[in-house]
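Encoded as structure tokens, the structure appears first; notes follow it.
Since we're looking at a predicted model, the values are computed, not measured.
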Amino acid sequence: MKVGVVTFHSAFNFGATLQTWALQKALKQIGTEPCVINYHPWIIDGLYDPYGGRSGFARTKRHWYLKLMSPEKVVRVKKYSAFIRDHLNLVGDYKTYEELKANPPKLDAYITGSDQVWNSSHTGGYDPAYFLEFAPADAIKIAYGASVGKNMVLPAYQKQIRNALKDYRGISLREVSTTPAIEKLTKQRVNVVADPTLLLRREDYDEIRVDEKRKEKYILVYMMEDSVEVKRLSNRISRLLGYPVVQRRAAKKFNYELESCYTSTPGEFLGLISNAECVITNSFHGTVFSLIYEKPFISLLHSDTGSRTVDLLRSLHMEDHIVRNAENFYDLGRFQIKDPELLHRSMEHVREKSFHFLKQSLGLEEELQVKVNCPTGILREECYGCYACSEICPKDAITMEEEADGFFYPRTDPEKCISCGLCEQVCIRLQDRFEGEQKTPLPYAALNKDDATRAQSTSGGVFPEVARYIIEEKGGCVVGVRWDEHMRAVQDVAYTMEEVQAFCGSKYVKSDLDGIWPRVEKLLKEGRTVLYSGLPCECAALRSYLRKDYDNLYVCEILCHSAPSPKILRKYLDHLEKKFGSRIVDLNFRDKKQNGWQIHEAQMVMTFEDGSELRVNTRRNNYFRAFLNDYTCRESCTRCEYVYDHRKGDITIGDYWGIEEFIPELFDDKGASCVLVQTEKGRELWNQIADRFRSQESTMKAVFARNHDKPSPRHSIRDEIFDQIDTTSSINSLLEEYNDLKNLT
């Protein structure tokens, strides 16, 4: 397979050249025939050309001027150009996009990236070359580690980028922070991969590394951005250790300098890193190669690209190498590579994920599809974790076990399994969920007339009245979700309205379903009227498990955004308990008593055992904001089928977001509910309690204008968070790092 790469390969910059060479070598390692498409527009070349694009006599004249006044620039051009020519497999010679489009190289696959190839500030606007518009329609197109350089895509280019990305087989970026902006422009999953330089091991770079023998020990200072902090710290460490500085600038910058590496080739730069006593840098690639060569290093952050360095060091658990202020330096020993084995394992994990993306996108490796350990044979990402398969098993061959992401998945004991097929019959992913003609739900807006009840409810106070009807008028019981003594969300049965109070208020976490289906079935068979309230997938699971309709069963769906990980909530509550020195005994995700119902004003209230409370703005809370952004949900939420009018409940209730726009006469910022009536039993239930509400018929379009009407999007940020959940020192810091707002609670 012939593969061509379009990137900033012609930039006379160690990082730009080495990332190009590294991607070329990595592509060789996976069995392709790589080349670098020699597209070098003047907007890139002009940054490094000391001749200013001159030719003929004007160039000769400029050459002699440089030889006299700045000879190092002539040497640099000659040596760097030779390195690019000798070590990159260049194809073509394209100075403009028109030249490239008119005669593109004929290849099997085309890759754009890495580097800031999608940064319109660097490319002079939208450059179709870096979005592979020149490539044949039937060729494979991939973005590997492309960068926008900022956390947003300028509106002027969004339409062009959206159209270009339609033809890509695989899309990956090098910065986590940019993925939401690109995900909005494509239906594909956007991956986060390692910079190409991290795809290779130290021994791979021996091919180009040049070791120059020096008698003196030295400190390497790789300063991409001129920085007073870097200079101050470097002079201090140089004086402390008694070692001179080697640095990349042509002019002298430090008190005790040995030499400049301004004219060094990328191979000579690798030699300088590998032989340095320590490295001080504000360059991302300076940090990368310090890690690869396991040198003591200090990273001071570049003002524009520092987030890349933070992301990298956090993923490798080495953020303590960051110094944000030279005054904070106190001990060089802190910056040694203390655990090389941990570093090796972490870097191998990064490499493995990135190589998998490359191979899969190029068609060299089948997509890794992990199935659940269950006779249903469904994919892990399809499993709702609904417990139907384990609870129906007559031999207890299937158990639900917690996995690394904090969610429960089935595991089968093959010695107990009798292949009866019951698990397949009740699996809600396999059965015909929406058989026959579907009736469109009848939607209402509803506000409880009793202000006290509405004040205690998350939205419009519908659930308490439904529960009251079942308990007080039908003599039944209610199944809902409450907090247990360990602050886990568990499903339980309430027989009185006092017990129902524990179910009120939304719990934004996946609840524990263990044992609830047999309990409900037993109650129904005893003749007890049961109201079951739960997420749509849970309502479907109950009906599937029962395998028959019961006249005494009423099913109430809770309109769902997604189901966050219980593990993340537990870690977040542990963080707060440690911070405030007391155990949390209650949690209200959306208290509206002080600031109103709208989600941007509601408060999240944590009650501690010592009687104190912590109140924070819901949207400015790290846990809740990660939930809203779909960063902590179960994988199946991204493939959920129980959305919009695909319902298994008799009624569905939830917040009526946007009611002020669609039914302004019912808006008072005290909470409003939407009610979807789906069945005759649901109609009966609503008719029995409708007089307790100010209500009005609505439309599905209005109800779902602000509510989820499709599965949650799959964000690569989710993978980043769950990759680090067991190794992070602070869950709060981890969530904040990936949230779009900072300085949250």
Side-chain angles (χ1 to χ4, degrees), residues 384 428 433-449 454 457-470 478-481 503-504 506 508 530-544 549 553-563 597 599 637 640-663 666-667 671-712:
Y384 290 100
I428 61 174
R433 293 157 298 282
F434 308 108
E435 66 280 357
E437 183 179 352
Q438 286 294 300
K439 293 182 179 179
T440 301
L442 181 59
Y444 292 88
L447 281 66
N448 198 309
K449 292 178 181 178
R454 188 152 59 114
S457 302
T458 300
S459 46
V462 174
F463 174 72
E465 301 305 333
V466 178
R468 192 184 314 279
Y469 171 73
I470 295 297
V478 176
V479 180
V481 179
F503 299 159
C504 294
S506 299
Y508 294 105
V530 177
L531 170 69
Y532 177 81
S533 64
L535 301 182
C537 59
E538 295 165 353
C539 294
L542 172 60
R543 290 198 186 279
S544 188
D549 194 18
L553 173 66
Y554 294 84
V555 178
C556 174
E557 293 183 342
I558 307 300
L559 205 59
C560 183
H561 177 101
S562 68
W597 166 63
I599 200 162
C637 296
C640 181
E641 297 173 294
Y642 301 97
V643 292
Y644 197 58
D645 60 353
H646 287 178
R647 301 288 164 193
K648 298 296 279 187
D650 297 306
I651 64 171
T652 299
I653 62 176
D655 289 283
Y656 197 133
W657 299 120
I659 193 170
E660 67 274 18
E661 177 183 345
F662 298 102
I663 312 177
L666 290 185
F667 175 68
S673 292
C674 61
V675 180
L676 308 182
V677 177
Q678 279 109 217
T679 66
E680 287 303 316
K681 195 181 291 185
R683 163 61 58 193
E684 169 207 328
L685 190 58
W686 175 244
N687 286 343
Q688 292 295 327
I689 64 172
D691 61 348
R692 306 176 194 180
F693 297 88
R694 294 168 56 203
S695 64
Q696 186 172 319
E697 285 193 25
S698 186
T699 65
M700 292 291 284
K701 182 178 180 181
V703 166
F704 285 96
R706 303 286 186 274
N707 278 306
H708 267 205
D709 61 353
K710 59 178 69 70
S712 298

In Å and rounded to the nearest 0.5 Å, what is the [atom1] to [atom2] distance from [X] to [Y]?
X	Y	atom1	atom2	value
D549	R543	CG	CZ	6.0 Å
S673	L666	OG	CG	11.5 Å
L676	Y644	CG	OH	9.5 Å
W657	H708	CH2	NE2	12.5 Å
C556	I653	SG	CD1	4.0 Å
F463	S533	CZ	OG	4.0 Å

Please report, to 0.1 Å, the donor-acceptor pairs under 3.5 Å made by any side chain of residues 693-700, with sequence neighbours excluded.
from: R694; atom 1: NH2; to: E665; atom 2: O; distance (Å): 3.4
from: S698; atom 1: OG; to: Y656; atom 2: OH; distance (Å): 2.6
from: T699; atom 1: OG1; to: A702; atom 2: N; distance (Å): 3.1

Is any side-chain heavy atom of [Y] closer than 4.5 Å to one of [X]?
X	Y	answer
P536	T652	no
L559	R647	yes
L685	I470	yes
C539	V555	yes
R454	W597	no
P443	C674	no
I651	V466	yes
H561	Y508	no

inquiry  = Checking C640 against Y384 for the side-chain contact (heavy atoms from CB on, under 4.5 Å) test, could you report, in this order, the C-alpha distance in whole Å, the side-chain angles of both residues, the deciding distance, and whether it holds?
reply    = CA-CA 8 Å; C640 181; Y384 290 100; 4.2 Å; yes
request  = Given side-chain contact (heavy atoms from CB on, under 4.5 Å), test F662 with K701 step by step and report yes or no.
outcome  = CA-CA 10 Å; F662 298 102; K701 182 178 180 181; over 6 Å; no
query = Is E684 paired with K681 through a side-chain N to carboxylate O contact shorter than 4.0 Å?
reply = no
inquiry  = If the condition is side chain to side chain contact (heavy atoms under 4.5 Å, CB included), which residues does A540 pass it with, not counting sequence neighbours?
reply    =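 By the side chain to side chain contact (heavy atoms under 4.5 Å, CB included) rule, A540 matches I428, Y642, K648.
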inquiry  = Going by the rule side chain to side chain contact (heavy atoms under 4.5 Å, CB included), which residues pair with E661 if we only count those two or more places apart in sequence or in a different chain?
reply    = R706
message = Determine whether a donor-acceptor pair (N or O, by modelled atom type, separation under 3.5 Å) exists between the side chain of N707 and the backbone of D655.
response =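 Looks like yes, one N/O pair under 3.5 Å.
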key: Expected output: side-chain T458 to main-chain S506 donor-acceptor under 3.5 Å   =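 It does hold such a pair.
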Search all heavy atoms of [X] against all heavy atoms of [Y] and return the closest pair with its distance.
X	Y	answer
V479	F503	C-CE1, 4.0 Å
V675	A446	CG2-CB, 4.1 Å
A563	L535	CB-CD1, 4.2 Å

inquiry  = As a quick check of understanding, evaluate side chain to side chain donor-acceptor pair (under 3.5 Å) for T679 and D650, giving each step before the final call.
reply    = CA-CA 5 Å; T679 66; D650 297 306; 2.8 Å; yes
task = Using the salt bridge (Lys or Arg N to Asp or Glu O under 4.0 Å) rule, take E465 and R468 through it: C-alpha gap first, then chi angles, then the decisive distance, then the call.
result = CA-CA 5 Å; E465 301 305 333; R468 192 184 314 279; 3.4 Å; yes
